[in-house]
Amino acid sequence: MPIYDVHEYNGYVSTIKDYLLHYTAFTQYIKDTEMRIQDIEWMLEENPAPRVPGLSGAGGCGGGDGTSPQEQDYLRHEQLKDEKKRLERDLKKVKGLVDRLTECFHALDETDQKILEIYYIDNAKSWEWTAKMINASTTFTFKHGKAAIQEMATRFFGLKAMPIQTRFVFID
């Protein structure tokens, strides 16, 4: 694996770090959202009352909004449909991001995967602890961790995430 000169201000690298730090939260969000969509589908299977063209006289002078229980059921049913659409749209977006991140992660070699998993996903927060866990030196772990993050950023975002060479040497 090539080791690049990674700068902390590189936004793509910072984004990958953030994604890895929140990887567990992303996967839990996906599970929770899928369960919520299943719940909504179950509730939508119950047929609401037929649509009423105008407001009924139910609930008239005692306050309230003047809608009958049937109209309230229908409105709730429509709200559930809208919520389901929104959740499916959000789920597709997050799931696509996590799938792409997972694919880039698994493209790394085993050592680099283990370093990133311990340091970022498991929140070790210490290169020394990460080095101890993989039975390597801190320097080795730090250098490979930095290079692996850069490689993931390059795989995830493409060539725009690669460090740019600032000096050119012309040979005649």
Side-chain angles (χ1 to χ4, degrees), residues 1 10-126 129-130 133-134 145-162:
M1 172 183 58
N10 185 337
Y12 299 114
V13 172
S14 297
T15 301
I16 292 296
K17 286 179 183 179
D18 288 342
Y19 287 170
L20 288 175
L21 286 169
H22 297 97
Y23 184 81
T24 305
F26 285 147
T27 55
Q28 189 60 48
Y29 173 80
I30 290 170
K31 290 176 189 174
D32 292 345
T33 304
E34 287 172 341
M35 288 174 48
R36 177 66 181 143
I37 290 172
Q38 287 177 351
D39 289 346
I40 289 173
E41 288 172 348
W42 178 76
M43 288 188 277
L44 288 174
E45 287 176 6
E46 296 179 7
N47 291 330
R51 186 172 183 177
V52 180
L55 296 176
S56 69
C61 42
D65 61 0
T67 57
S68 70
Q70 292 83 8
E71 291 168 330
Q72 290 173 356
D73 287 345
Y74 175 77
L75 293 173
R76 177 70 182 140
H77 193 266
E78 292 301 309
Q79 288 173 344
L80 286 172
K81 284 181 184 178
D82 292 341
E83 183 181 359
K84 181 182 175 209
K85 285 179 190 174
R86 182 187 57 79
L87 288 173
E88 286 173 337
R89 186 179 56 245
D90 292 348
L91 180 64
K92 182 179 177 183
K93 184 175 157 183
V94 173
K95 203 171 190 177
L97 181 133
V98 170
D99 289 346
R100 200 160 151 211
L101 187 68
T102 303
E103 183 181 315
C104 294
F105 180 78
H106 289 298
L108 300 172
D109 65 42
E110 270 187 63
T111 304
D112 291 342
Q113 285 180 27
K114 197 67 178 163
I115 290 169
L116 295 183
E117 180 181 351
I118 293 168
Y119 189 76
Y120 291 103
I121 298 172
D122 296 342
N123 290 318
K125 299 292 186 199
S126 161
W129 178 255
T130 305
M133 295 300 293
I134 66 164
K146 263 178 113 174
I149 286 289
Q150 179 63 45
E151 186 175 335
M152 276 192 70
T154 303
R155 290 177 188 271
F156 194 88
F157 294 107
L159 295 176
K160 59 186 174 183
M162 291 185 78

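The first residue of the sequence shown is numbered 1, and numbering continues consecutively from there.
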Legend entry - Sequence-distant partners of E88, salt bridge (Lys or Arg N to Asp or Glu O under 4.0 Å), two or more places apart: K84
Inset, instruction - For D39, check salt bridge (Lys or Arg N to Asp or Glu O under 4.0 Å) against everything at least two apart and list the hits. - result: none
Roughly how far, to the nearest 0.5 Å, is the [atom2] atom of [Y] from the [atom1] atom of [X]?
{"X": "T33", "Y": "R86", "atom1": "OG1", "atom2": "CZ", "value": "8.5 Å"}
{"X": "M43", "Y": "E45", "atom1": "CE", "atom2": "CD", "value": "11.0 Å"}
{"X": "I134", "Y": "K114", "atom1": "CD1", "atom2": "NZ", "value": "9.5 Å"}
{"X": "S126", "Y": "I118", "atom1": "OG", "atom2": "CD1", "value": "11.0 Å"}
{"X": "K146", "Y": "I149", "atom1": "NZ", "atom2": "CD1", "value": "11.5 Å"}

Legend entry - More than 12 heavy atoms of other groups within 6.0 Å of E78 CD: yes
Residue list, side-chain hydrogen bond (donor to acceptor under 3.5 Å, both in side chains) with [X], at least two apart or on another chain:
{"X": "R36", "value": "E83"}
{"X": "T102", "value": "Y23"}
{"X": "K85", "value": "none"}
{"X": "Q113", "value": "none"}

Give the minimum heavy-atom separation between [X] and [Y], together with the two atoms involved.
{"X": "L87", "Y": "I40", "answer": "CD1-CD1, 3.7 Å"}
{"X": "L21", "Y": "N123", "answer": "CD2-OD1, 3.4 Å"}
{"X": "I30", "Y": "K95", "answer": "CD1-CA, 3.9 Å"}
{"X": "L116", "Y": "G145", "answer": "CD2-O, 3.8 Å"}

Legend entry - Pair W42-Q38, side chain to side chain contact (heavy atoms under 4.5 Å, CB included): steps then yes or no: CA-CA 6 Å; W42 178 76; Q38 287 177 351; over 6 Å; no
Looking at side-chain heavy atoms only, is the closest gap between [X] and [Y] below 4.5 Å?
{"X": "T24", "Y": "D122", "result": "no"}
{"X": "D112", "Y": "M152", "result": "no"}
{"X": "F156", "Y": "T15", "result": "no"}
{"X": "L101", "Y": "I16", "result": "yes"}

Inset, instruction - Could you tell me if the ring centre of Y19 sits under 6.0 Å from that of Y120? - result: no
Inset, instruction - For a side chain to side chain contact (heavy atoms under 4.5 Å, CB included) with V94, tell me which candidate from L91, V98, L97 qualifies. - result: V98
Inset, instruction - Tell me, with the steps shown, if F105 and E117 meet side chain to side chain contact (heavy atoms under 4.5 Å, CB included). - result: CA-CA 9 Å; F105 180 78; E117 180 181 351; 4.2 Å; yes
Legend entry - Backbone of D18 reached by a side-chain donor or acceptor of H22 within 3.5 Å: yes
Inset, instruction - State plainly whether the residues E151 and R155 are in salt-bridge range, i.e. N to O under 4.0 Å. - result: yes
